[in-house]
Amino acid sequence: MKSRRVTLAVALAIATLLSGCEQPATSPPDTVAAKVGDDTISEFELGRAMARLGPMSAADAAEARGKVLEALVDQHLVSDAAKNAKLDKLPEVALAMQQAQRQVLVEAYMERLFKDLPKPSDSDIQDYYNRHPELFAQRKLYRVHELELQLAAGRVDEVAAQLKQSRSLAEFSDWLGTQGIAVKSGEAVRPAEKIPATMLAQLARMKDGQAVVVPMDEGRVSVLQLLDSQAQPVSFEQARDAIAQLILGGKRKTLLEAEIHKLRGSGKIEYASGFAPAPTEPAMQPGKP
């Protein structure tokens, strides 16, 4: 059983390694683990690849280490073959490599940006729990019938008025058909935390059988009919870890938006003719707590 588990882990590691982006041209000075042509595989590179497997026993690690090193050798061989075939000169490949490098740099920058963020305090977590009873103390499972409409913003009031006049959702759906409004219909059971905030705010106040129009984004409107709901509260202790992650995620989002706003203010950005964003879509502003 042990050898099968190690084999599976190593197979996953090999798949990850071979599907990963090209290694940087320069790497930290380190002990050489292997040479492939003019390239070297350092102990640092091998250690990073091993870390992707997660914790394992010393015996499993010793077995996996050799297989992961062979996977890295294969990666270098395939990469060299691709370069010899000049695949790195293809526009789509060159662009993908540039994007992968940028993404690595973005993630490194974000890690440094977030490293000193303090963990949420117990009082912060308790306050969040108290302010969102719909997600915790009064959490429910909602069974809803949803109609998703493709609709111009100017017709939202008209559709809402027609919904109030209709004796049933079926009658309302028939009216939508006569208006040539595209509709997607479906029924689902969703917990409160899986429902967008705008929808949840409406559902929490509704009675079974009631329907409401909820504008979503440009050109899209949702019509929700609450079929029934079932109370499934979550205690503070059950929610503590999830709330801490939510608070920390919110702080990271706010900090990142502020950083992007600063970078946009100090950077030089020029759009070619026809590509500039519309005036109604300003640059990202710092988020509010």
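Scope of the values below: all heavy atoms of this structure, side chains included, with no hydrogens, waters or symmetry mates. Every value quoted in this text rests on a predicted model; they were computed, and no experiment measured them.
Once rounded to the nearest 0.5 Å, the distance linking CG of Leu87 with CE of Met97 reads 10.5 Å. With rounding to the nearest 0.5 Å, the separation of CE in Met199 from CG in Leu224 is 5.0 Å. For the atom pair CE (Met110) and CD (Glu107), the distance works out to 7.5 Å, reported to the nearest 0.5 Å. In this structure, CG in Leu151 is found 8.5 Å from CG in Leu176, a value given to the nearest 0.5 Å. In this structure, CG on Asp208 lies 5.0 Å from CG on Leu226, to the nearest 0.5 angstrom. With values rounded to the nearest 0.5 angstrom, Ser185 atom OG is found 9.0 Å from Glu146 atom CD.
Ion pair Lys67/Glu63 flagged as a salt bridge, since at least one NZ, NE, NH1 or NH2 atom sits closer than 4.0 Å to an Asp/Glu carboxylate oxygen. Under the 4.0 Å criterion applied to side-chain N and carboxylate O atoms, Arg205 and Glu134 are not assigned as salt-bridge partners. Classification of Arg48 and Glu45 as a salt-bridged pair fails, no side-chain N sitting under 4.0 Å from a carboxylate O. Remark: Asp39 does not engage Lys35 in a salt bridge, criterion side-chain N to carboxylate O under 4.0 Å.
Residue pairs meeting the salt bridge (Lys or Arg N to Asp or Glu O under 4.0 Å) criterion with at least one partner in residues 157-186, sequence neighbours excluded, are Arg155-Glu158, Arg167-Glu171. Sorted by first and then second residue, the pairs that involve residues 116-137 and meet ring-ring contact (aromatic ring centres under 6.0 Å, His included), not counting sequence neighbours, are Tyr128-His132, Tyr129-Phe136, Tyr129-Phe236. Pairs engaging residues 225-235 under the salt bridge (Lys or Arg N to Asp or Glu O under 4.0 Å) rule: Arg143-Asp228 [sequence neighbours left out]. Contacts classified as ring-ring contact (aromatic ring centres under 6.0 Å, His included) and involving residues 77-122 (residues at least two apart or in different chains) are not found.
A pairwise comparison of heavy atoms in Ala192 and Leu200 identifies O-CD2, 3.7 Å as the closest pair. Taking each heavy atom of Arg139 and Pro191 in turn, the nearest pair found is NH2-CB, 3.3 Å. Residue Ala64 comes nearest to Met56 through the heavy atom pair CB-SD, 4.1 Å, listed as atom of the first residue, atom of the second, then distance. Val68 and Ala49 make their closest contact through CG1-CB, 3.7 Å (heavy atoms, listed as atom of the first residue, atom of the second, distance). For Ala231 against Pro233, the heavy-atom pair with the smallest separation is C-CD, 3.7 Å. Scanning both residues, Val213 and Ala160, for their nearest heavy atoms gives CG2-CA, 3.8 Å.
Leu227 and Met206 are not part of a single hydrophobic cluster, where members link through side-chain heavy atoms under 4.5 Å apart. Note on Leu246: it clusters hydrophobically with Leu135, by side-chain heavy-atom contacts below 4.5 Å among ILVMFWY residues. Note: the hydrophobic cluster containing Leu77 also contains Ile41 (ILVMFWY, side chain heavy atoms under 4.5 Å, direct or indirect links). A single hydrophobic cluster is seen to contain both Leu256 and Leu117, as judged by linkage of ILVMFWY side chains at heavy-atom distances under 4.5 Å, directly or through other members. Side-chain heavy atoms closer than 4.5 Å link hydrophobic residues (I, L, V, M, F, W, Y) into clusters, and following such links, even through other members, never connects Val212 to Leu147.
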Self-check item: Gln126/Asp122 under side chain to side chain donor-acceptor pair (under 3.5 Å): CA gap, chis, key distance, verdict
Solution: CA-CA 6 Å; Gln126 183 70 64; Asp122 286 343; over 6 Å; no

Practice problem: Give the C-alpha distance, both sets of side-chain angles, the deciding distance and a yes or no for side-chain contact (heavy atoms from CB on, under 4.5 Å) between Leu141 and Arg190. | Solution: CA-CA 6 Å; Leu141 284 179; Arg190 300 177 188 171; over 6 Å; no

Exercise. Evaluate the criterion side-chain contact (heavy atoms from CB on, under 4.5 Å) for residue pair Glu148 and Arg220; output intermediate values, then yes/no.
Key: CA-CA 7 Å; Glu148 185 178 302; Arg220 192 167 67 92; 3.5 Å; yes

Self-check item: Stepwise side-chain contact (heavy atoms from CB on, under 4.5 Å) check, Val159 with Val221
Solution: CA-CA 10 Å; Val159 167; Val221 169; 5.5 Å; no

Practice problem: Check the pair Glu70, Leu72 against side-chain contact (heavy atoms from CB on, under 4.5 Å), reporting the backbone distance first and the verdict last. | Solution: CA-CA 5 Å; Glu70 290 307 298; Leu72 285 169; over 6 Å; no

Quiz prompt | Worked verdict on Gln238 versus Ser235 for side chain to side chain donor-acceptor pair (under 3.5 Å) | solution = CA-CA 5 Å; Gln238 289 174 314; Ser235 71; 3.2 Å; yes

Self-check item: Trace of the salt bridge (charged side-chain N to carboxylate O under 4.0 Å, His left out) decision for Glu111 with Lys115
Solution: CA-CA 6 Å; Glu111 184 177 346; Lys115 70 180 178 67; over 6 Å; no

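Checked by atom type and distance alone, the side chain of Ser166 never pairs as donor or acceptor with a backbone atom of Leu169 at under 3.5 Å. No donor-acceptor pair closer than 3.5 Å links the side chain of Asp124 to the backbone N or O of Pro120.
By the side-chain hydrogen bond (donor to acceptor under 3.5 Å, both in side chains) test, Glu92 pairs with no residue at all, sequence neighbours left out. Partners of Ser229 by side-chain hydrogen bond (donor to acceptor under 3.5 Å, both in side chains), not counting sequence neighbours: none found.
The 12-atom threshold is exceeded at CZ of Arg102, counting heavy atoms of other residues, nucleotides or ligands nearer than 6.0 Å.
The shortest distance between side-chain heavy atoms of Leu46 and Arg65 falls below 4.5 Å.
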